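Before any comments, here is the structure.
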Amino acid sequence: MSFDDFINSGLNNFQRQAVECDTPAALVIAGAGSGKTRVITARIAYLILKKYADPTSIVALTFTNKAAGEMKERIAKFLSGSKRLPFVGTFHSYCLLLLRRNPSLVPFANFSIMDSDDQVDLIKKIINKNGLQKKISANQATYQLSTYKNNLLVRNMEEFVNPLIREIYQEYESEKSEAHCLDFDDLLFQVLQLFRKNEEFKKTFQQKVRHILVDEYQDTSHVQHELLKLMSLDSEKKFNLDSVCAVGDEDQSIYSWRGATVTNMLSFQSDFAPVKVVKIEQNYRSVKPILELANELIKNNRLRNPKNLWSDRPAKNRVVSAYCRSSEQEADTIARFIQACAKSKKLDEIAVLYRTHFQSRQIEEALMYYSIPYKIIGGLQFYERKEIKDLLAYMRLVANPFDKLSLMRAINCPSRGLGPKFEQELLDEWGKNPFLDFKQILELLKNDETNVKKLALEEFLNVFKGLEAKQFPAYCLENIVNHTDYYGYLRRNFDDREAETKVENVKEFINATLLYESKYAVTEAFDNLEAVFEEQRTPTLENFLYEIALLQEKLEKTKDVARVQLMTLHAAKGLEFNTVIISGLNDGVLPSSKSLNTNDELEEERRLFYVGITRAQEYLLLLNAYARNSFGQIVEQVPSRFLSELPTSLCYKVDVEKLHSVEVTMLWQEWIGGGLDTQPIVLTFGRSNRLLSNLNEPVEMVRQANHERVHYTARPAHPEPCRRKPVEGFERFRKKSNEYPHKEFESASPKPSVESISERSYGGWKTGCAVRHDKFGQGVVIKVEKASEKDFYLTVAFKIGQKKLLSSFVKRV
DNA sequence: TCCATACTACTTTTT
DNA sequence: GTAGTATGGA
Ligand SMILES: Nc1ncnc2c1ncn2[C@@H]1O[C@H](COP(=O)(O)OP(=O)(O)OP(=O)(O)O)[C@@H](O)[C@H]1O
């Protein structure tokens with residue numbers, strides 16, 4: 001389709017207004033799936049093709065690399081053939097680009113970028129050094145530090161700051177700058193400072209860049225908003241670009257925990273006034289039942305502006321909510337569902353979404369068991385693996401010989417007798433001579449060491465002989481691997497299977513560097529670095545390190561076989577799939593147990609669920625389980641409170657827990673396999689034939705919002721499926737109301753075979769003491785068992801019956 | 001200094 | 001269940 005055709009037929013009136021908007025500032029506020037991203041892409045194409053804007057004068061900022069990738073693809077379609085492409089990427093990657101374009105303005109010429117692991121490692125070191133372990137965990141400190149840093153730049157928050165954090169902050173910053181490292185926050189800060197302090201820099205920037213577009217504005221941080229202001233306004237706060245266009249949706253704000261500020265949407269309107277505000281209410285992505293479900297859910301949030309999002313894609317029987325007995329069954333059910341889908345859909349049109357990464361493991365296991373190809377987005381990333389990070393440390397040292405953190409990582413890996421004691425010497429020495437690079441320091445130290453250590457140091461330094469930042473990355477990496485005998489080290493230190501996977505990973509790493517080199521050879525204009533100076537466009541080690549710093553995924557050839565995508569709800573933002581599976585709809589998982597304290601947090605969890613639902617185009621499967629493995633223990637679960645907010649008329653509930661696995665497959669085949677879109681199909685389930693058309697009829701509420709009514713007892717992880725009276729047809733799958741899920745197991749289930757130690761008191765927990773649980777109310781402890789040093793299992797008699805739970809879940813009364 | 005063993009804490013979410 | 005740390009003996 002030509003772009004003209006697209007403008008005429010591929011956009012509705014409102015979208016077109018935003019795309020063709022001539023006022024300098026435009027803001028699109030619109031619900032999920034209403035084509036906001038489409039507006040951004042179309043506007044970029046419009047500016048280039050209709051307004052003859054130089055592509056390199058356009059900057060499009062997205063929230064994630066994945067979103068950037070998709071947008072690039074869409075734009076490239078409109079601009080087929082053109083080698084000059086606009087910048088599309090995250091705020092962070094754009095800031096990195098600016099810093100690299102202006103090496104003379106950066107505090108250190110060759111800096112390393114710390115990822116979050118490096119950050120936590122450094123903070124942990126500082127905490128341990130100052131004996132603060134007892135007071136704060138490294139993860140907590142990292143999080144608070146980032147918040148502190150972000151606030152520092154924009155407004156003064158000194159008095160509210162945890163003094164501990166300020167202390168750590170000082171040391172963290174100085175360690176970082178001695179090592180010539182920047183963390184993710186620094187990338188934004190450095191550029192922010194450039195804009196604030198360097199008029200020349202700002203002038204050059206505004207001469208070159210004329211249009212800025214920002215996606216997902218509701219999740220931009222204060223710093224990012226500030227940055228946008230500095231980029232677009234002159235010193236008199238007058239608009240100084242040709243256009244700025246942002247799009248966003250308050251209902252999809254899910255990143256407040258990392259500093260996202262929804263009110264940026266309002267600030268945008270005042271800071272860039274006059275702003276043309278465009279609202280879009282039609283959803284093009286989802287079929288009606290799915291959209292209505294999402295609308296009903298989000299209505300429960302009080303802190304929002306009501307919207308009237310509608311879809312004109314009628315459909316029936318599109319949402320099923322499955323109640324599983326355990327997380328294993330949940331995973332198995334997902335796998336069987338995907339199997340049933342695979343007959344009519346491509347696997348990459350299906351996504352499994354979850355709240356936290358650890359949930360992916362069980363799902364993975366099930367998918368492997370059924371040989372379903374899948375791909376995990378996020379989670380433990382390729383470049384976060386230990387073996388890769390070790391080698392990266394060597395590479396980083398080549399590019400940045402001041403990188404203390406990398407040196408500490410590399411020096412004794414593979415182990416060469418240079419342990420913590422030597423590390424301390426090294427740190428002391430370096431502290432005295434901060435302007436020497438690591439080779440000079442090590443040469444210095446070599447003189448007063450024993451022979452064994454001398455040799456070890458010699459060996460270590462030899463690895464770097466002849467390696468330079470301007471060489472090809474693959475050459476450097478292969479040299480490092482060979483000179484350190486890295487494969488040998490892996491085989492010596494890990495058992496066969498583990499060693500082999502690690503060796504494989506290293507080989508893949510080498511492949512990735514080779515691929516990176518060839519990519520440069522093939523396409524002259526490497527889109528991301530399109531506007532970088534020529535010498536920065538050669539595939540050097542240095543450039544490779546910058547390229548991967550903000551990328552977690554490894555560079556892969558082309559899209560290979562279609563695979564089911566597994567990711568967190570956060571990572572799914574901005575994406576869409578034919579079929580979406582959301583697993584783990586239990587209180588404590590979604591909403592997360594850490595977000596139950598305040599209403600704000602709870603509403604963000606609800607938005608997260610909303611984002612998940614609105615990723616689906618055609619089918620939506622929701623799952624929860626009555627038991628879940630966490631920390632190697634089976635913990636009872638209650639269905640998510642959000643499930644009770646979904647109208648039953650839109651959501652078909654199934655008691656999967658009562659089905660045999662074969663029946664589960666039949667269930668899915670009947671739901672999906674028949675091609676419900678085109679014609680009503682005749683079911684051939686069991687002995688009876690039956691139309692599926694009544695799938696969507698209202699049912700009585702099954703599990704009430706007040707979970708107190710539901711009665712649970714401890715039961716084995718895999719109870720035998722219970723025997724049911726056969727029910728005719730598909731209807732038999734529908735969850736019965738008022739039927740307690742585990743009535744059958746209550747008497748049958750063996751009592752936990754842990755010896756009673758109820759007479760004893762453990763950690764202050766005593767039988768007979770009164771406790772309060774958030775949901776189950778008051779109760780009395782009948783049994784105490786040790787779970788760990790600090791945690792205990794309490795068997796508590798509540799009004800609703802006995803429950804066994806971790807002591808951390810109850811309060812003493 | 002290295003290794004084996006025991007014991008803890010651990011799970012949000014991302015650039 | 002596992003990664004990371006603490007301890008103690010070789
Ligand atoms: N005018 C239109 N006509 C037909 N399809 C459209 C139109 N606008 C958008 N779409 C389609 O609707 C879907 C959602 O669009 P898009 O991803 O741009 O929405 P969005 O507002 O960015 O969504 P979200 O906020 O949920 O990420 C896409 O598949 C897109 O192709």
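Only a predicted model underlies this, so the values are computations on that prediction, with no experimental measurement involved. Just so it is clear: chains get the letters A, B, ... in the order the sequence lines come, proteins before strands, and each one is counted from 1.
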Partner set under ring-ring contact (aromatic ring centres under 6.0 Å, His included) for A/His92, not counting sequence neighbours | none
Per A/Arg361 side chain, nearest of listed nucleotides B/dT15, B/dT13, C/dT2 = C/dT2
Run the salt-bridge test on A/Arg641 and A/Asp587 with the 4.0 Å N-O cut-off and return the result as yes or no.
-> yes
Measure the distance from CG on A/Leu98 to P on B/dT15 and round it to the nearest whole Å.
-> 19 Å
Find the runs of at least 3 consecutive base pairs, i with j, i+1 with j-1 and so on, that include DNA chain B, using Watson-Crick or G-U wobble geometry with both distances under 3.5 Å.
-> B:1-10 with C:1-10
Below 4.0 Å: OP1/OP2 of B/dT14 and any side-chain N or O of A/His357 | yes
Just jot down the side-chain hydrogen bond (donor to acceptor under 3.5 Å, both in side chains) partners of A/Thr142, sequence neighbours excluded, or say none.
-> none
Set of residues satisfying ring-ring contact (aromatic ring centres under 6.0 Å, His included) with respect to A/Phe111, sequence neighbours excluded = A/Tyr546
What nitrogen or oxygen pairs link the protein and nucleotides 1-4 of chain B at under 3.5 Å?
from: B/dC2; atom 1: OP1; to: A/Gly417; atom 2: N; distance (Å): 3.2

Pairing residues for A/Arg361 by the side-chain hydrogen bond (donor to acceptor under 3.5 Å, both in side chains) criterion, not counting sequence neighbours = none
Is there a salt bridge (Lys or Arg N to Asp or Glu O under 4.0 Å) between A/Asp215 and A/Lys36 once you walk through the steps?
-> CA-CA 8 Å; A/Asp215 202 358; A/Lys36 294 186 295 296; over 6 Å; no
Taken in chain and number order and not counting sequence neighbours, the residues that satisfy ring-ring contact (aromatic ring centres under 6.0 Å, His included) with A/Phe195 are A/Phe201, A/Phe205
Sequence neighbours excluded, which residues qualify as ring-ring contact (aromatic ring centres under 6.0 Å, His included) partners of A/Phe91?
-> none
Considering just the side-chain nitrogens and oxygens of A/Thr568, establish if one lies under 4.0 Å of OP1 or OP2 belonging to B/dT14.
-> yes
Could you check which of B/dT13, C/dG1, B/dT15 has an atom nearest any side-chain atom of A/Phe631?
-> C/dG1
Any side-chain N or O of A/Asn139 less than 4.0 Å from the OP1 or OP2 oxygen of B/dT11?
-> yes
Touch check for A/Phe63, heavy atoms < 4.0 angstrom, all strands: base, sugar-phosphate only, or nothing?
-> sugar-phosphate
For the side chain of A/Ala571, counting heavy atoms from C-beta on, which of B/dT15, B/dT14, B/dT13 is nearest?
-> B/dT14
Regarding the side chain of A/His570, the nearest nucleotide among C/dT5, B/dT15, B/dT13 is B/dT13
Of the candidates B/dC10, B/dT13, B/dT15, the side chain of A/Trp257 sits closest to B/dT13
Under 4.0 angstrom, heavy atoms only, what part of the nucleic acid is A/Ser630 near: base, sugar-phosphate, or nothing?
-> nothing
Mind checking side-chain hydrogen bond (donor to acceptor under 3.5 Å, both in side chains) for A/Thr568 and listing every partner two or more places apart, or none if nothing turns up?
-> none
Mind checking A/Lys124 for me? I need base, sugar-phosphate or nothing, with any heavy atom below 4.0 Å counting as a touch.
-> sugar-phosphate
